[in-house]
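For this chain, numbers begin at 1 and follow the sequence in order. The figures that follow rest on heavy atoms only: side chains count, while hydrogens, waters and symmetry mates do not.
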Amino acid sequence: MDKIINFKLNGTSVEAKNGESILQVARREDIYIPTMCYLAKATPNASCRMCVVEVQGVDGFVLSCNTPPVEGAEINTDSDELYKERQTIMKLYNVNHPLQCGVCDKSGECDLQNKTLDFNVSEQSFAVRDTARKKKKWGVHTYDPALCILCEKCTAVCNQVVGNEALFIKPGGYKSHIDIHLANCIQCGECISVCPVGAMASTDFKYTANAWELDKVPSSCAHCSSACSLIYESKDGLIRRVTNEADFSSLCGAGRFGFDYENKVASKNKEQFTKAVESFKNAKNVIFSSYITNEEAYLLNDLKKKFGFNLVNEEAKKYQDFMKAFKSTANTSLYNCDIDYLKTCDYAISVGSSLQSDNPMVKFAMAQAVNYKKAFIASIHPIEETPIANVISMYIKNEVGSEEAALAMLAQIFVEDKQSQKEFFDSLDFGYLSGESNISEEELDTLKEKLTRKNRPVLVIGEDVINHPRANNIALIAGYIQKNTNFKVLVIPTVTNTLGVSLICDLDDRQDGFSVGYNVKADFTLSAKGNGDLDIPSLNQQEGTFVNMDKTLVVLNAGVEYHGYELNDIALSLGYESKNIIDYTSKLGFKNIAFDDLDNYYDNSGNSYRGY
């Protein structure tokens with residue numbers, strides 16, 4: 001049990017958990033302490049000094065960002081002396097800072113601008129000869145060193161959270177600036193999101209809109225099964241950019257920049273709509289992808305019950321079958337790991353996943369485990385991913401298709417009590433498995449040795465395993481590992497809402513006959529890309545929910561309007577009564593909570609309140 005520390009903040013008795021800083025407690029208690037360099041998801045670098053506080057009995061000021069409170073301390077966060085100290089810091093930040101707020105993209109949401117006003121910096125007391133600083137364009141982001149205050153947020157997020165070590169400070173005294181190893185940059189834009197000023201800016205967004213002109217809609221990313229929290233920001237009916245709660249959450253490049261995929265259909269085609277209704281009545285198959293909301297999946301499953309067609313989603317069915325087999329040996333309905341646990345693990349093995357591309361948030365989490373917990377990370381995959389060599393402690397190259405052998409060998413070395421599955425373990429021929437997989441006994445010995453004194457190991461199962469011809473048998477082994485070792489297991493859902501679809505739908509194999517495709521090419525195709533027989537909305541034009549990799553039902557809101565027909569319109573023509581697709585949210589079989597009652601926010605401490 002965590003030790004509780006009792007102390008006073010501004011005269012109010014508060015509690016801190018062991019390891020919490022004064023700043024973290026203050027935020028939880030809604031007590032404001034200004035910062036310029038602090039980033040909750042990274043290690044405090046204490047470069048701005050704005051977060052200083054007074055501690056009774058201590059001479060001078062104390063940094064609240066990296067100082068834990070002690071029992072009985074009396075701490076003051078606001079006084080005349082603190083105000084003057086912070087005002088002086090802001091004056092120093094403003095030395096030679098360009099007076100171009102009227103044309104700066106950060107204007108209206110700039111920390112420097114806000115705190116200059118907060119601390120009444122109306123004139124400049126300091127001066128230094130300025131130097132010429134050239135702007136730099138690094139793909140999706142542009143860097144203006146004249147605007148940079150060297151807070152180090154961008155380097156912290158790049159190195160500690162993303163893990164690619166692309167950005168760094170090039171020292172030179174007053175001429176110091178941010179530079180880049182461009183080959184290491186994955187163009188995720190995390191540096192843009194955390195920059196408190198206009199130094200790091202989106203190349204495409206620059207000069208397109210002011211912050212106060214944008215309508216903001218919180219939603220979830222539709223690109224992969226992480227379904228990360230994001231905010232669509234639109235103007236004149238178009239999404240102009242995507243942002244996020246950068247202090248607590250992250251986005252990959254696809255989520256941040258791949259937002260302009262809406263269906264731009266301008267009107268409803270009644271003739272094609274009539275054909276769509278008849279197609280559902282006559283279909284032998286309805287084939288769909290997992291780029292779909294839970295509500296749409298639920299409705300398709302209900303239409304299957306009404307009209308008797310086969311409901312086909314090959315990718316989700318593979319995942320569904322894998323998890324059924326997994327459940328039979330794990331004795332739990334799902335895997336027991338999530339991203340937050342992976343961030344704090346001290347040992348992880350990934351099998352069958354291209355960590356850089358399959359699911360970027362898994363790779364981000366591993367990078368944080370390495371940085372914060374000194375984790376050992378092993379990747380078993382046919383292709384070595386050199387761009388993330390700084391994250392991977394040990395790379396083991398297996399033969400393509402040998403994932404079953406790899407999992408069996410891991411079970412052999414990690415499961416101590418083999419009696420309950422004696423027949424299985426007796427059947428393993430290590431010589432054959434080693435030859436088939438190209439994994440040596442020396443490599444396995446290293447994996448076992450590195451597990452010594454590790455308390456939070458994780459096994460990550462990737463897409464190659466789920467799509468394996470013998471995936472069912474591999475799932476049995478993975479489930480057995482989860483049940484009989486202290487490994488947490490994470491089975492990455494292959495597409496955005498694969499997990500939701502696998503939990504909601506009764507999926508079938510395809511049969512001969514007329515087929516309707518829902519974002520899949522078929523005899524009659526409903527497409528969000530505008531290239532089918534009837535247009536339907538894309539995922540950034542819909543309300544609904546996903547079930548993400550963390551087994552959490554998260555909220556999807558429309559970032560831009562849609563002017564065509566939706567699946568629910570077809571359902572209404574087929575005798576259904578619900579006026580909106582989100583009327584099915586409470587009927588999904590998880591919790592009886594209406595869509596409009598679902599939360600979708602972070603609190604001051606970074607706790608996520610997204611759905612359930």
Side-chain angles (χ1 to χ4, degrees), residues 35-45 48 104-114 136-144 147-167 178 180 184-206 208-211 214 216-224 226-234 239-260 339 343 360-361 363-365 367-368 559 600-602 604 606 608 610:
T35 66
M36 288 295 288
C37 71
Y38 182 74
L39 187 61
K41 61 187 178 185
T43 303
N45 60 45
C48 78
C104 179
D105 280 299
K106 201 69 175 181
S107 185
E109 56 182 10
C110 172
D111 279 359
L112 186 71
Q113 187 182 60
N114 293 339
K136 299 178 182 180
K137 182 179 177 182
W138 298 324
V140 297
H141 53 295
T142 302
Y143 174 60
D144 186 347
L147 297 175
C148 182
I149 62 172
L150 290 178
C151 67
E152 301 182 48
K153 279 187 174 183
C154 60
T155 57
V157 76
C158 183
N159 298 332
Q160 297 177 31
V161 177
V162 178
N164 276 67
E165 300 181 353
L167 296 177
I178 304 298
I180 191 171
N184 291 357
C185 180
I186 61 171
Q187 305 283 290
C188 65
E190 277 286 276
C191 54
I192 299 171
S193 70
V194 301
C195 184
V197 292
M200 287 285 182
S202 168
T203 303
D204 291 338
F205 177 73
K206 287 189 73 171
T208 61
N210 294 305
L214 297 166
K216 300 184 179 184
V217 178
S219 190
S220 298
C221 180
H223 285 291
C224 81
S226 292
C228 300
S229 172
L230 56 73
I231 302 168
Y232 291 119
E233 301 196 7
S234 61
I239 299 173
R240 302 292 179 166
R241 67 175 177 179
V242 161
T243 58
N244 62 311
E245 293 283 357
D247 220 27
F248 312 120
S249 67
S250 295
L251 284 173
C252 70
R256 191 175 307 281
F257 302 112
F259 54 78
D260 54 345
I339 284 292
K343 289 177 183 177
M361 289 304 116
K363 179 254 180 175
F364 283 20
Q368 291 170 73
N600 192 19
Y601 69 94
Y602 288 87
N604 284 341
S608 174
R610 301 179 62 208

At what distance, to the nearest 0.5 angstrom, does [atom1] of [X] lie from [atom2] of [Y]?
X    : Y    : atom1 : atom2 : answer
H141 : F257 : NE2   : CZ    : 8.0 Å
K106 : K206 : NZ    : NZ    : 13.0 Å
T43  : Y38  : OG1   : OH    : 9.5 Å
L214 : I231 : CG    : CD1   : 11.5 Å
T243 : L230 : OG1   : CG    : 8.0 Å
T155 : L39  : OG1   : CG    : 10.0 Å

Backbone N/O of [Y] and side chain of [X]: donor-acceptor pair under 3.5 Å:
X    : Y    : answer
N45  : C151 : yes
K363 : V162 : yes
Q368 : K343 : no
S107 : C104 : no
D111 : M36  : no
Q113 : G108 : yes
K136 : I180 : no

(message) C252: which residues meet the side chain to side chain contact (heavy atoms under 4.5 Å, CB included) condition with it, sequence neighbours left out?
(response) A254, P360, M361
Kindly give the heavy-atom pair with the smallest separation between [X] and [Y], and that separation in Å.
X    : Y    : answer
A227 : S220 : O-CB, 3.8 Å
F248 : N604 : CZ-O, 3.5 Å
I149 : L112 : CG2-CD2, 4.5 Å
C154 : C191 : CB-CB, 3.7 Å
G255 : C221 : CA-SG, 3.6 Å
G139 : Q187 : CA-OE1, 3.2 Å

(message) Around atom CG of D204, are there more than 12 heavy atoms from other residues, nucleotides or ligands closer than 6.0 Å?
(response) no
(message) Name the residue from D144, T142, I178 that meets the side-chain contact (heavy atoms from CB on, under 4.5 Å) definition with M200.
(response) I178
(message) Among N244, I339, L251, exactly one meets side-chain contact (heavy atoms from CB on, under 4.5 Å) together with C228. Which residue is that?
(response) L251
(request) Please collect all salt bridge (charged side-chain N to carboxylate O under 4.0 Å, His left out) contacts where either partner lies in residues 245-259, sequence neighbours excluded, each pair once. (result) R27-D247, E190-R256
(request) Report yes if the side chains of W138 and C185 come closer than 4.5 Å at any heavy-atom pair, otherwise no. (result) no
(request) State, with a plain yes or no, whether a side-chain heavy atom of Y143 is found less than 4.5 Å away from one of C148. (result) yes
(request) Answer yes or no: is there an ion pair linking R240 with E233, defined by an N-O contact shorter than 4.0 Å? (result) no
(request) Please test C195 against V197 for side-chain contact (heavy atoms from CB on, under 4.5 Å), starting from the C-alpha separation and ending with a verdict. (result) CA-CA 6 Å; C195 184; V197 292; 3.8 Å; yes
(message) Pairing donors with acceptors under 3.5 angstrom, does anything connect the side chains of S250 and K41?
(response) yes
